[in-house]
Amino acid sequence: MLLAFVVAAVVVTPVSPAVAAAPVLSTFVRSSPATVDAGAQVSFDFTTSIAVKRVEVGLRSAAGTHALAWTAPAGGKAGTVAGVAAASSWPNGTIEVSYIQVITTAGASQVHYRGGGVYPPGTGTALFGDPATQDFKIKNPLLPYMAAVPTSFLPSKATVAPGQTAGVQVKLSQLAQAVRLVYRDASEVTTFELAWTGNPAPGPQTVTATGAVTAAQAAGAYTLERVEITYFDGLAKDSYLRDGTLERTSPVPLGNVGRAALSTGDFTVSNPAKVLPKLTPTVNPSITGAMVYNTELGINPGTWPVEPAFTDFQWYRNGAPIDYAVKDTYQSNMSFDPGNMIWVKMTARAAGYLPATVSTSAFGPMPRRVWVGNLRITGDASVGGQLRLEHDAAGIDPVGGQPGYTYVWKRNGTPIPGATSRDYKPTVADKGNIITAGVTARFDAGSVVTEVVDLRGPISDKARGKGFNADGTGDIFARDAGGNLWLYPSNGNGGWLTAQKIGQGWNGFTSLLSPGDFDGDGNVDVMARDGAGRLFLYQGNGQGGWLRSFQIGQGWGSMKDIVAPGDFNSDGTADLIARDASNTLVLYPGNGRGGFLTPHVLSGGWSNFNTFVSPSSRIVFARDNEGNLRKYDGDGNGYFHDNSWTPNVFSSYAGYGWGGFSRIGAPGDFDSDGVPEVYGIHPDGRLTMFYGLGHTALKRQATIGWGWNAFNTVF
């Protein structure tokens, strides 16, 4: 037989190739006394029903788990498990029998647990009873269940040079088997260790941990950072850290002894050949992060002679430490950071260098919350028109400062070159595309917001009011008795430029009008109906002249009135409205290429009206036979609004009196203020312009010409 003694920290239920089908252990009894002196033998006698090759007993003292084992490779049915109760690891007190493991010669395993359980389950119950009945006591007064606490540190020399041995005398309140002192040199990175091992008798003791100092050790202070003490033959280990914390593997009581401060174990190395330089950056660390509201900030480490490790982070707000901001990132605070400067202080360490405390440059001021509300695009959404991005004044929290605004207009998400002002004039390239406008309000570098709004509906073809000669102002066409067609261009300020003769032989037409850009080429056109009811399109060249003409319809001779309301159905192309012989208004939608889509009826019952004009898209003015001028709004879908059937009535200047005009018309925006006008020609030839009336609010009126009764057609 072979007697063996094993010390183990953890016992795990064994796994073996096979298990016994019935209890194997027949008897089990402690053969040593109920109280065993330290250093004496502990023994248990056993018998088994079949041959076994190993019996192991697990014992638990206050210090931990102890295992005793009997082995017989050839097998046996009886034996004694025995071992010595070591004075260095079996503290005074009760010893519990926690388990008994039996392994048969066939390799089957069976475990009897404290409490009477047997593994594997279903193999029966222990024949000898509960292992707990075999508990006993250890008499070891010199080894109480107490930790080995360091009560003092005393360096042998305060200063040590290469070639010498550094030593520190350590007093302990109890025996230990190993003491390890871990130092950091002046870099606070590189470690240096002193150690002691032994197996002294129980009781308080003084040991000396030593280590050789070589030329590799840098000069400077060596600070004791960690003390590791191993005792109870390895069953327990305590690690004392310089900051006062304690790491433990076993809950052994510390007792009432005073723990020595690790700083009393510091010493210095004198080594002129290896003096550490200070760790200094070539490029200072900086803060990273987007200059936006409510963001996470990080740290760019900068550039150093070696890659350092950073610790001891502290973030500051305007010079004051920020509570709990001690990590390498910082989530900006929505309540306190806006408008303030932020920076971080930290310590950089690297082997071979003295540590350095560095601060980043200030970051900020941190963004404040900015908002811009009530965005909308207003104005004339036609080629050559003018759009404007309207919005409220930008707000900011906390308040302070004045915003600057920048603008960008986009076509299908791509910025339009040069479109960076609040106003934008749509071009032919915008037709059929998505137009957006954005405003950026900026108070300072980070306090900024960008808001974007879409233009509702498409950009329509150029309206008649953009002018025939490409100067963007409203013009008037007139035909004299000789069949000559004249262009009276506006100067954009409510007056005239020199009249231009732009055609002759126009006496054969019974109706003339300008629909705006009807063929989609970006230029204003003219339409003419002849005596045979054919409708012709005269394409303008955008410079006050013509490209060509061609017939676009027939059967228009029965139409009492033809009016061009611009883009009446919001599809981006110019349309016509005609009153037929039955006094029904019909919409003829343009296709944008000089032709028409399918027409549809708007409404009937227009017999009480004698004149129709359209000052801007989707607005029709009709003069009734009593001389009242009434306004009818389109709904944007090719029909009139429901409320148009109780129309407003507008007066010219002293009453309703629009019946006194021989002609009325709408040239577009005649004075470049963004609002279309309506004019009336008196029988005596005076032309009076009613400014702003095209949007229903009369701003002023003025006579701007005479002799207009010499023309048989004005449009």
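Predicted model, so just to flag it, every value in this text is computed and none were measured.
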Peer 1: To the closest 0.5 Å, what do you measure between OH (Tyr231) and CD (Gln205)?
Peer 2: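 The OH atom of Tyr231 sits 12.5 Å away from the CD atom of Gln205.
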Peer 1: Between atom OG of Ser32 and atom CZ of Phe136, what is the distance when rounded to the nearest 0.5 Å?
Peer 2: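 So the gap between those two atoms works out to 5.5 Å.
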Peer 1: Check this for me: does any side-chain nitrogen of one of Arg242 and Asp266 sit under 4.0 Å from a carboxylate oxygen of the other?
Peer 2: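 Yes, charged N to carboxylate O under 4.0 Å.
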Peer 1: Quick check for you: to the nearest 0.5 Å, what is the distance between Ile342 atom CD1 and Ile322 atom CD1?
Peer 2: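 So the gap between those two atoms works out to 4.5 Å.
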Peer 1: Stepwise, does the side-chain contact (heavy atoms from CB on, under 4.5 Å) test hold for Gln169 with Ser156?
Peer 2: CA-CA 7 Å; Gln169 189 180 78; Ser156 302; 5.7 Å; no
Peer 1: Is a side-chain N or O of Ser152 found less than 3.5 angstrom from the main chain of Ala260, in a donor-acceptor match?
Peer 2: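 Side chain of Ser152 to backbone of Ala260, a donor-acceptor pair under 3.5 Å: no, none is there.
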Peer 1: How about His112 and Phe28: are their ring centroids closer than 6.0 Å?
Peer 2: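 Centroid separation for His112 and Phe28: 6.0 Å or greater.
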Peer 1: What's the shortest heavy-atom distance between Asp130 and Tyr113, and which atoms?
Peer 2: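 For Asp130 versus Tyr113, the nearest heavy atoms are OD1-O, 4.3 Å.
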Peer 1: Which residue, Arg60, Glu56, Arg114, forms the side-chain hydrogen bond (donor to acceptor under 3.5 Å, both in side chains) with Tyr99?
Peer 2: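 Going through Arg60, Glu56, Arg114 one by one, the side-chain hydrogen bond (donor to acceptor under 3.5 Å, both in side chains) with Tyr99 is satisfied by Glu56 alone.
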Peer 1: Closer than 3.5 angstrom, by distance alone: can the side chain of Ser187 be matched with the main-chain N or O of Ala351 as a donor-acceptor pair?
Peer 2: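 Not confirmed, Ser187 side chain does not pair with Ala351 backbone.
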Peer 1: When you measure from the side chain of Thr264 to the backbone of Ala261, do you find a donor-acceptor pair of N or O atoms at a distance under 3.5 Å?
Peer 2: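 Indeed, once roles are kept as given, a pair shorter than 3.5 Å links the two residues.
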Peer 1: Flag the pair Trp90 / Leu235 as yes when at least one side-chain heavy-atom distance between them is below 4.5 Å, and no otherwise.
Peer 2: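 The answer is no; the side chains never approach within 4.5 Å.
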Peer 1: Is a donor on one side and an acceptor on the other found under 3.5 Å between the side chain of Thr104 and the backbone of Val52?
Peer 2: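 Not confirmed, Thr104 side chain does not pair with Val52 backbone.
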Peer 1: What about the rings of Phe46 and Trp70, do their centers lie closer together than 6.0 Å?
Peer 2: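 So the answer is yes for these two rings.
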Peer 1: Going through the distances and angles, do Leu262 and Tyr183 end up as a side-chain contact (heavy atoms from CB on, under 4.5 Å)?
Peer 2: CA-CA 10 Å; Leu262 270 61; Tyr183 288 82; over 6 Å; no
Peer 1: Using a 3.5 Å distance criterion without hydrogens, assess whether the side chain of Asn318 forms a donor-acceptor pair with backbone atoms of Met341.
Peer 2: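 Here the side-chain-to-backbone pair exists.
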Peer 1: Apply ring pair (Phe, Tyr, Trp, His ring centres under 6.0 Å) to the pair Phe267 and Tyr222, showing each step before the final yes or no.
Peer 2: CA-CA 5 Å; Phe267 63 90; Tyr222 279 62; 5.6 Å; yes
Peer 1: Quick one: are Arg442 and Pro403 in side-chain contact, heavy atoms under 4.5 Å?
Peer 2: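 A side-chain contact under 4.5 Å is absent here.
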Peer 1: Is any side-chain N of the basic residue among Asp312 and Arg349 closer than 4.0 Å to the acidic one's carboxylate O?
Peer 2: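 Here Asp312 pairs with Arg349 in a salt bridge, since their nearest N and O are under 4.0 Å apart.
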Peer 1: If you round to the nearest 0.5 Å, how far is OG of Ser239 from CD of Glu225?
Peer 2: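 The OG atom of Ser239 is 13.5 Å from CD of Glu225, to the nearest 0.5 Å.
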Peer 1: Heavy atoms only: give me the nearest Pro285-Met346 pair and the separation to one decimal.
Peer 2: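 Scanning both residues, the minimum pair turns out to be CB-CE, 3.4 Å.
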Peer 1: Using the rule given for side-chain contact (heavy atoms from CB on, under 4.5 Å), can you reason through Thr329 versus Trp315, listing the C-alpha separation, both sets of side-chain angles and the distance that settles it, and then say yes or no?
Peer 2: CA-CA 9 Å; Thr329 59; Trp315 292 79; 5.5 Å; no
Peer 1: Any donor and acceptor pair, going by atom type alone, linking the side chain of Gln314 with main-chain N or O of Val326 inside 3.5 Å?
Peer 2: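 It does not hold such a pair.
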Peer 1: Might you point out which heavy atoms bring Asn333 and Pro338 nearest each other, and give the distance in Å?
Peer 2: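 Looking at all heavy atoms of both residues, the shortest contact is O-CD, 3.4 Å.
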Peer 1: With a 3.5 Å cut-off and no angle check, do the side chains of Thr27 and Thr47 form a donor-acceptor pair?
Peer 2: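 Their side chains do contain a donor-acceptor pair, which is all the 3.5 Å distance test asks for.
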Peer 1: With a 4.5 Å cut-off on side-chain heavy atoms, are Tyr145 and Pro253 touching?
Peer 2: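 The answer is yes, as the side chains (C-beta and beyond) meet within the 4.5 Å cut-off.
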Peer 1: Between Pro131 and Ile100, is any pair of side-chain heavy atoms under 4.5 Å apart?
Peer 2: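 Yes - at least one pair of side-chain heavy atoms lies under 4.5 Å apart.
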Peer 1: Is a salt bridge present between Arg226 and Asp243, judged by a nitrogen-to-oxygen distance below 4.0 Å?
Peer 2: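 No salt bridge links Arg226 with Asp243.
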Peer 1: Using a distance-only test with no angle check, is there a side-chain donor-acceptor pair under 3.5 angstrom linking Ser43 and Ser31?
Peer 2: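 Per modelled atom types, Ser43 and Ser31 side chains form a pair under 3.5 Å.
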Peer 1: Which value, rounded to the nearest 0.5 Å, describes the distance between Leu175 atom CG and Leu142 atom CG?
Peer 2: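 These two atoms lie 10.0 Å from each other.
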Peer 1: Taking all heavy atoms of Leu194 and all of Gly211, pick out the closest pair and write down the distance.
Peer 2: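 Residues Leu194 and Gly211, closest heavy atoms: CD2-N, 3.2 Å.
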Peer 1: Given the rule in the salt bridge (Lys or Arg N to Asp or Glu O under 4.0 Å) test, do Lys137 and Asp37 qualify, once you have shown the distances and angles that lead to the verdict?
Peer 2: CA-CA 9 Å; Lys137 294 183 179 299; Asp37 290 330; over 6 Å; no
Peer 1: Quick one: CD on Glu188 to CG on Leu276, what's the gap to the nearest 0.5 Å?
Peer 2: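 Atom-to-atom, Glu188:CD and Leu276:CG are 10.5 Å apart.
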Peer 1: Quick one: does Glu96's side chain have a donor or acceptor within less than 3.5 Å of a partner on Ala132's backbone?
Peer 2: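 No.
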Peer 1: Could you give me the CA-CA distance, side-chain angles and deciding distance for Trp304 and Tyr353, then say whether ring pair (Phe, Tyr, Trp, His ring centres under 6.0 Å) is met?
Peer 2: CA-CA 11 Å; Trp304 301 78; Tyr353 292 86; 9.3 Å; no
Peer 1: Between the side chain of Arg368 and the main-chain N/O of Gly339, is any donor-acceptor distance below 3.5 Å?
Peer 2: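 Pair absent, no side-chain N/O of Arg368 close to backbone of Gly339.
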Peer 1: Decide yes or no for Val168 and Thr208: does some side-chain heavy atom of the first lie under 4.5 Å from some side-chain heavy atom of the second?
Peer 2: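 Sidechains of Thr208 and Val168: no contact.
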Peer 1: May I ask you to decide whether Arg317 forms a salt bridge with Asp337, counting only side-chain N to carboxylate O separations under 4.0 Å?
Peer 2: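 Looking at Asp337 together with Arg317, the answer is yes, because their closest N to O distance falls below 4.0 Å.
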Peer 1: With distance as the sole test, does Asn271 use its side chain to make a donor-acceptor pair with the main-chain N or O of Gln217 at under 3.5 Å?
Peer 2: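 At least one qualifying donor-acceptor pair exists.
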Peer 1: Between Lys237 and Thr230, is any side-chain donor less than 3.5 angstrom from a side-chain acceptor?
Peer 2: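 Judged by distance alone, the side chains do not pair up.
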Peer 1: Less than 4.5 Å apart, any side-chain heavy atom of Val227 and any of Phe153?
Peer 2: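 In short, these two side chains touch, coming nearer than 4.5 Å.
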Peer 1: Evaluate the side-chain contact (heavy atoms from CB on, under 4.5 Å) criterion for residues Thr151 and Arg259: first the C-alpha distance (whole Å), next the side-chain angles of each, then the deciding distance (0.1 Å), finally the verdict.
Peer 2: CA-CA 5 Å; Thr151 58; Arg259 186 192 316 178; over 6 Å; no
Peer 1: Shortest non-hydrogen contact from Ser26 to Thr48?
Peer 2: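 That would be OG-C, 3.6 Å.
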Peer 1: Specify the closest pair of heavy atoms between Ala82 and Gln41, including all atoms of both residues, with the distance to one decimal.
Peer 2: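 Between these two residues, the closest heavy atoms are CB-CD, 3.8 Å.
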Peer 1: Under a plain distance cut-off of 3.5 Å, with no hydrogens placed, do His66 and Ser89 share a side-chain donor-acceptor pair?
Peer 2: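 Judged by distance alone, the side chains do not pair up.
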Peer 1: Would you call Val213 and Val269 a side-chain contact if the rule is heavy atoms closer than 4.5 Å?
Peer 2: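 Sidechains of Val269 and Val213: in contact.
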Peer 1: Can you tell if the side chain of Asn140 reaches within under 4.5 Å of the side chain of Pro91, non-hydrogen atoms only?
Peer 2: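 Sidechains of Pro91 and Asn140: no contact.
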Peer 1: Please check this pair: side chain of Asn284 against backbone of Ser359, looking for a donor-acceptor N/O pair closer than 3.5 Å.
Peer 2: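 Looks like yes, one N/O pair under 3.5 Å.
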